Amino acid sequence: MLEIKVGPNDEIILSGRFDASQAERAETFLAAVTGSRVVDLAELQYISSLGLGVLLATQKRLMDRGESLKLVNVRGHVRDILHFAGFDRVFAIEPPPA
Amino acid sequence: MLEIKVGPNDEIILSGRFDASQAERAETFLAAVTGSRVVDLAELQYISSLGLGVLLATQKRLMDRGESLKLVNVRGHVRDILHFAGFDRVFAIEPPPA
Amino acid sequence: MTPERRSFPREVGSLPAVFDFIDEFFDRAAIGGEHRVPVHFAVEELFTNLIKYGGGREEILVELRREPGRLAVSLTDLGGQPFDIRSAPDARVDLGPRERTPGGLGIHILKRMVDGIDYEYVDGRSTTTIFKKLG
Amino acid sequence: MTPERRSFPREVGSLPAVFDFIDEFFDRAAIGGEHRVPVHFAVEELFTNLIKYGGGREEILVELRREPGRLAVSLTDLGGQPFDIRSAPDARVDLGPRERTPGGLGIHILKRMVDGIDYEYVDGRSTTTIFKKLG
Ligand SMILES: Nc1ncnc2c1ncn2[C@@H]1O[C@H](COP(=O)(O)OP(=O)(O)O)[C@@H](O)[C@H]1O
Ligand SMILES: Nc1ncnc2c1ncn2[C@@H]1O[C@H](COP(=O)(O)OP(=O)(O)O)[C@@H](O)[C@H]1O
């Protein structure tokens with residue numbers, strides 16, 4: 001299961017597993033997003049290519065408006081997956097604080 | 001079915017039928033909303049008390065931040081239902097242009 | 001028009017089928033489309049409340065009758081507890097957003113969308129009927 | 001450890017059961033948790049691609065084998081068309097956001113998450129195997 005929450009500074013918090021079975025729910029949520037937002041992936045254990053596709057589509061939509069998502073606390077396997085996807089060129093990506 | 005879209009001016013467009021079976025999806029979408037937003041109900045045919053509850057919860061959350069939803073193009077039965085619910089005191093509500 | 005009766009599983013997922021059942025009756029009985037939303041609203045409200053609070057375990061029976069000058073819609077719960085919506089207090093719709101609590105709006109609005117309400121509890125069968133004037 | 005074999009309906013809704021199947025094997029074979037995500041990723045990718053493009057109609061067979069120094073996971077599609085992911089071109093991950101098109105990332109990433117890939121097409125059975133080094 002993917003948990004989708006909004007934190008105290010309006011950051012979007014994705015935790016759990018972002019697999020194909022959760023992509024539609026995430027898509028519904030992200031469609032409402034306007035403005036530049038931080039997405040906190042600290043507790044995200046897993047993301048599949050469908051999950052990447054949902055993030056990418058949102059980023060493209062926001063960049064057309066001069067806005068963007070910034071991914072923070074990116075770590076572990078999720079960090080590897082985003083790296084292999086070349087998302088360093090698509091998002092500002094920050095690892096957890098040292 | 002409830003259709004949830006975002007229009008060219010970031011207005012939220014709800015069309016179709018907002019019944020109990022659609023409330024969870026609308027809740028997921030509205031949870032992502034930050035900032036004051038216009039909600040266009042021109043093509044909303046039906047809303048049930050669960051739908052009203054989802055709108056009310058969002059309004060309360062936004063008002064705590066000094067923001068709000070404004071409901072526009074409110075007409076027909078949906079207008080009556082919002083009126084009976086006393087939503088005139090909770091939302092800025094606009095009928096369609098004359 | 002003979003009355004139409006159908007029973008539905010006690011779950012929110014039954015609603016589309018319930019609405020279809022109503023719409024088909026409207027078509028066959030040539031009832032004006034302007035009555036659809038009020039009837040859907042009342043039936044959704046009664047149906048979901050039976051699921052949430054009714055206490056019965058059987059399917060919920062929906063009956064549609066065209067009576068002289070009006071439409072009657074009854075929902076019957078078998079083995080549930082008695083509950084007469086006519087005695088439910090109105091909601092505090094005069095409050096501003098901060099004072100509002102969620103819930104409690106359904107019956108309040110239902111009462112204003114229909115033209116009459118009946119209630120009967122006989123032999124463990126709890127039946128609420130709403131009426132809508134036609135013509 | 002004897003190999004484990006199970007088949008799953010060709011639908012996205014099968015994925016939780018597929019992941020459970022893998023996790024149970026990991027536990028019984030005492031395979032380190034650090035290999036879970038790469039294996040889930042590869043299997044989800046192969047499984048959803050078979051649903052989307054495979055063309056078979058039978059259930060999809062998943063087999064897990066612990067071999068010396070490595071884990072092997074095979075997905076077999078019966079009656080589908082042959083497709084060897086090793087010959088699929090890499091995605092253009094060097095492009096910026098505006099030039100990017102959705103899709104095409106799955107196989108590209110899969111190749112970088114596993115330590116080896118085999119492919120076999122015999123008697124209408126299309127089998128892709130991925131390997132993950134252990135230890
Ligand atoms: N079938 C029923 N049986 C028992 N109690 C009920 C029934 N329907 C409604 N109620 C009671 O009436 C209250 C108001 O119902 P309603 O207006 O539908 O609002 P909500 O369900 O959102 O609270 C409910 O909270 C419940 O306590
Ligand atoms: N099992 C398969 N059979 C036939 N073609 C496939 C199969 N799997 C993948 N493909 C082809 O390879 C392409 C790349 O797949 P993938 O990397 O998963 O990205 P996507 O599915 O998002 O396009 C697909 O678009 C499809 O044309």
Side-chain angles (χ1 to χ4, degrees), chain B residues 1-2 14-27 30-31 36 39 41 43-71 74-93, chain C residues 8-23 26 32-53 60 85 88-115 132:
Chain B
M1 264 295 289
L2 177 70
L14 301 181
S15 50
R17 298 176 51 87
F18 194 168
D19 63 30
S21 70
Q22 305 296 311
E24 199 177 312
R25 210 159 49 86
E27 218 168 353
L30 289 169
S36 290
V39 183
L41 303 183
E43 300 298 328
L44 191 69
Q45 309 302 328
Y46 175 77
I47 185 164
S48 77
S49 68
L50 246 118
L52 298 175
V54 172
L55 291 178
L56 178 61
T58 306
Q59 185 73 337
K60 285 175 71 84
R61 175 176 67 79
L62 291 177
M63 290 187 97
D64 284 345
R65 315 160 37 108
E67 300 162 354
S68 63
L69 297 179
K70 173 178 173 179
L71 311 180
V74 179
R75 56 185 196 80
H77 288 296
V78 169
R79 187 173 184 173
D80 295 344
I81 293 169
L82 298 189
H83 172 69
F84 293 141
F87 272 19
D88 323 73
R89 291 171 182 270
V90 180
F91 294 89
I93 297 189
Chain C
F8 298 89
R10 323 174 66 84
E11 50 198 36
V12 169
S14 295
L15 285 174
V18 173
F19 295 139
D20 283 349
F21 177 58
I22 294 168
D23 290 351
F26 268 57
E34 72 276 18
H35 301 301
R36 236 168 251 242
V37 167
V39 170
H40 283 195
F41 189 97
V43 171
E44 173 169 342
E45 204 48 45
L46 295 170
F47 195 89
T48 54
N49 279 349
L50 285 176
I51 296 171
K52 283 191 281 180
Y53 314 111
I60 294 165
I85 61 170
D90 274 350
R92 293 294 309 276
V93 297
D94 55 319
L95 298 176
R98 270 168 241 280
E99 292 70 37
R100 284 282 185 114
T101 46
L105 285 172
I107 295 173
H108 179 99
I109 299 170
L110 179 161
K111 287 176 177 171
R112 287 153 180 83
M113 305 277 286
V114 301
D115 299 307
K132 196 73 202 162

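In this text, all values refer to a predicted model and were calculated from it rather than measured experimentally. Per chain, numbering begins at 1; letters A, B, ... match sequence-line order.
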Less than 4.5 Å apart, side chain to side chain, heavy atoms only: is that true for [X] and [Y]?
X     : Y      : result
B/I81 : C/M113 : yes
C/E44 : B/Y46  : yes
C/V12 : B/L50  : no

Atom pair CZ (B/R89) and CG (C/D94), whose distance is rounded to the nearest 0.5 Å: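 Result: 6.0 Å between the selected atoms.
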Spacing of B/H77 atom NE2 and C/F41 atom CZ [to the nearest 0.5 Å]: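 B/H77 atom NE2 to C/F41 atom CZ measures 12.5 Å (nearest 0.5 Å).
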List the atom of [X], the atom of [Y], and the distance in Å for their closest heavy-atom pair.
X     : Y      : value
C/P97 : B/V90  : CB-CG1, 3.8 Å
C/L15 : B/A20  : CD1-CB, 3.8 Å
B/S49 : C/G106 : CB-CA, 3.7 Å
C/R98 : B/K60  : O-NZ, 3.1 Å

For chain B, the option from C/G104, C/G103, C/P38 that forms the most heavy-atom pairs under 4.5 Å: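 Option with the greatest count: C/P38.
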When C/R100, C/E45, C/E34 are compared by non-hydrogen pairs under 4.5 Å with chain B, the top option: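 The option with the most such pairs is C/R100.
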Structural part of B/D88 lying under 4.5 Å from a heavy atom of chain C: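 The answer is neither part of B/D88.
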Heavy-atom contact with chain C under 4.5 Å, split by part of B/A57: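 Contact with chain C involves no heavy atom of B/A57 at all.
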Under 4.5 Å from any heavy atom of chain B - which part of C/L110: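 Interface part for C/L110: neither.
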Trace of the side-chain contact (heavy atoms from CB on, under 4.5 Å) decision for C/I109 with B/L52: CA-CA 11 Å; C/I109 299 170; B/L52 298 175; 3.3 Å; yes
Expected output: side-chain C/H40 to main-chain B/S48 donor-acceptor under 3.5 Å: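 No; zero donor-acceptor contacts below 3.5 Å.
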Whether over 12 other heavy atoms sit under 6.0 Å from C/H35 NE2: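 Yes, enclosed.
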